[in-house]
Amino acid sequence: MDENKFTKLEINRLEKIERLRARGIEPYPQRVERTHTSQQAIAALEAWETRSGADPVQVVVVGRLRSMRPMGKVIFAHIEDGYGRIQLFVRQNEVGDEAMGLLKTEFDLGDFIEARGELMRTKTGEPSVKVAEFRMIAKAVTPLPAAKDEEVDGEVIRHAGLTDPETRYRQRYADLAVNPHVRRIFEVRAATNRALRQFFDQRGFIEVETPILQPIYGGAAARPFITHHNQLKQDLYLRISFELYLKRLLVGGYEGVYEIGRDFRNEGVDRTHNPEFTQIEFYWAYADYNKVMALTEEMVRFVAEQVTGSHTLTYQGMQIDLSKPWARVELVDGIHELAGIDLEQHLDAASLAAAMKAKGIPADPHQPRGKLIDSLVGDFLEPTFVQPTFLYNYPRDISPLAKNLPGNPDVVERFEGFIAGMELCNAFTELNDPLEQEKRFREMGRDFSAEDDDDYHPMDEDYLRAMRYGMPPNGGFGMGIDRFVMLLTDQSNIREVILFPHLRSREGEQTPE
RNA sequence: GGCCCCAUAGCUCAAUUUGGCAGAGCAAGCGACUCUUAAUCGUUAGGUUCCAGGUUCGAGUCCUGGUGGGGUCACCA
């Protein structure tokens, strides 16, 4: 064994493993026989206490050693399992001199242990297992980074735990092992997915799975990751959205489809963007964006109530009320009011850029009008939408998959939902006219002529073919689940809600990504 | 990618105005203690100060480059 890669603390523990084996004790046994979780044991003790005269309850509990307080011939220890923690009360005259010696010399914080004994309360009233027998079930070689725990009013306070963000993300297993609040975030995340599925299943939507490896990517304006299939000798793209595949399914006859899954975008990484992120998209036949808005209000409130038990939440000090109908702001009005620019007076990019510059707002005149409007939304409107708000009726040129507002060729029936100044979702009345769709694609430069361009998007001929078979009118919706979970857990960094966020690889070190 | 900040023991952090013996708490080793709660007490050990150069009699500290992280801007239908 190459001991150079181990720290002195680890070598010390490796020696304990050798000493245990020398005594015929296997520190990594095959099987354990737990009778009670920590939670069940405490419940069993409480039940026993209501029955006078009954024999004490015998239990076998297992878990990770989280604290040890040796007091000579007695040791108090806490073990932690997936359901909580329970105290072990070990007395030398119960377990014997030899076992007591082993516990003191060969067991460390972080080891997994199995303990058999009867349930009791110590003098201070703490539920405990009076240990008759115990054994190592998995030795920890590397010490856990946390120092010590203090329990105050049932809350476990961790002193000087693991806080360095880089180590926490790279070694999430250690982060989870020592930081219960981190475990809690991912429980909330799981509950969010569960609630979303429940919400849509109850309404007759069918959950589907569509390709992640796609020969043609689309449905969003983002740069893709490229990969390659060796045998087919074919480049493939990791999807940037589910949209075009999900809408094909409406052509196939489903009235409501949804997918929860991963999207991949080859773009900048910051506190609200991870290269892979989780989305929910749904498409709803015979609905329009008004119906989607109503369903969104219902959905967000339902999920929040399921997950947090409340229809209000606090995000970075902001009180958010999800119980009322969301504010509705038409984009033109919002820009007029908050940026002081009347979009109807500036129907081309050059005019709008000039108006922005006149107001001292930096504007690149080469950008399309829609992008200029988008930047106005981001700078002037988005931060003000603290309470849930729908911003609706977007410029057509940045929304090639959305249907026009009747009578207005420049505006589409699209909305974005905002909470706490953060964009949460994006939805529209979906364009279902195949000839109009093809025209829009061509307007976006989606043909094979511009392959060198950053904005190059391949034309998806099969999607157009699907639409030509007849696509019912429908409303569609997409929401980043990571950002939604950030809201529900009051986290300001997306990495806090992704178990293994992407980090740059370190020199000479392989990360499991 | 630009700019700003950070990197010291297993963990959390110190180390005086450009510089003068690299320290503490917890964790670890040894010892005491049969109802503890961050148990307590005594004691011992623990360092490539992220990496590579440079300035200086002398660098954790100052300079240059790099690596990684955090923030911010750009990007982001």
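Lettering of chains follows the sequences in order, A, B, ..., and the numbering in each one begins at 1.
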Look at the side-chain N and O atoms of A:R85 and state whether any lies under 4.0 Å from the OP1 or OP2 oxygen of B:U37. no
State whether A:K73 places a side-chain N or O below 4.0 Å from either non-bridging phosphate oxygen (OP1 or OP2) of B:C35. no
Whole-Å distance between B:C33 P and A:M68 CE? 18 Å
A:K371 has its side chain closest, among B:C76, B:G10, B:G68, to B:C76
C1' spacing across the pair B:A52 / B:A7, given as an integer number of angstrom: 16 Å
Students often mix this up, so state it plainly: with edges at 30° and 60°, are the rings of A:Y289 and A:Y392 parallel, tilted or perpendicular? perpendicular
Heavy atoms under 4.0 Å, any strand shown: does A:Y394 hit a base, just sugar-phosphate, or nothing? nothing
Could you state the CD1-C1' distance from A:I75 to B:C35, rounded to the nearest angstrom? 13 Å
May I ask you to verify if any side-chain N or O of A:T163 is less than 4.0 angstrom from the OP1 or OP2 atom of B:U12? yes
Step through it carefully: locate the ring centre of A:Y283, locate the ring centre of A:F477, and say whether they are under 6.0 Å apart. no
N/O (side chain, A:R271) to phosphate O (OP1/OP2, B:U72) under 4.0 Å: yes
What's the CD-C1' distance between A:E166 and B:G69, to the nearest Å? 5 Å
Kindly say whether the aromatic ring centers of A:F282 and A:Y258 come within a distance under 6.0 Å. no
Are any of A:R69's side-chain N or O atoms less than 4.0 Å away from OP1 or OP2 of B:U36? no
Is the distance from OP1 or OP2 of B:A77 to the nearest side-chain N or O of A:N426 less than 4.0 Å? no
What's the gap between B:A28 and B:U16 when it is taken at their C1' atoms, as a whole Å value? 32 Å
Indicate whether OP1 or OP2 belonging to B:G47 is found under 4.0 Å from a side-chain N or O atom of A:K8. yes
Starting at atom CG of A:L162, determine the distance to atom P of B:C11, rounded to an integer number of angstrom. 8 Å
Of the listed B:A39, B:G70, B:A77, the closest approach to the A:L503 side chain comes from B:G70
Within less than 4.0 Å of OP1 or OP2 of B:A28, is there a side-chain N or O belonging to A:K16? no
Assert yes or no for the condition that the ring centre distance of A:F415 to A:F428 is strictly below 6.0 Å. no
Any A:R13 side-chain nitrogen or oxygen under 4.0 Å from OP1 or OP2 of B:A28: no
Can you tell me the distance, in whole Å, between the CG atom of A:L109 and the C1' atom of B:A38? 12 Å
Look at the side chain of A:E126 against the base of B:U36 and say whether a donor-acceptor pair falls under 3.5 Å; ignore hydrogens and angles. no
Taking atom P of B:A74 as reference, at what distance in whole Å does atom CG of A:L372 sit? 14 Å
Nearest to the A:L9 side chain among B:C35, B:U37, B:A28, which nucleotide is it? B:A28
Given B:G69, B:A77, B:A39, the nucleotide with the shortest approach to the side chain of A:P165: B:G69
A:F500 ring centre to A:R172 NZ or CZ under 6.0 Å, with the angle to the axis within 45°? no
Think A:R66 has a side-chain N or O under 4.0 angstrom from the OP1 or OP2 of B:A38? no
Does OP1 or OP2 of B:G10 have a side-chain N or O of A:N12 closer than 4.0 Å? no
With the side chain defined as heavy atoms from C-beta on, A:F76 is closest, among B:C33, B:C35, B:A28, to B:C35
Expressed in angstrom and rounded to an integer, what is the separation of A:Y217 atom OH from B:A77 atom C1'? 14 Å
Without decimals, in angstroms, what is the distance between A:Q92 CD and B:C33 P? 10 Å
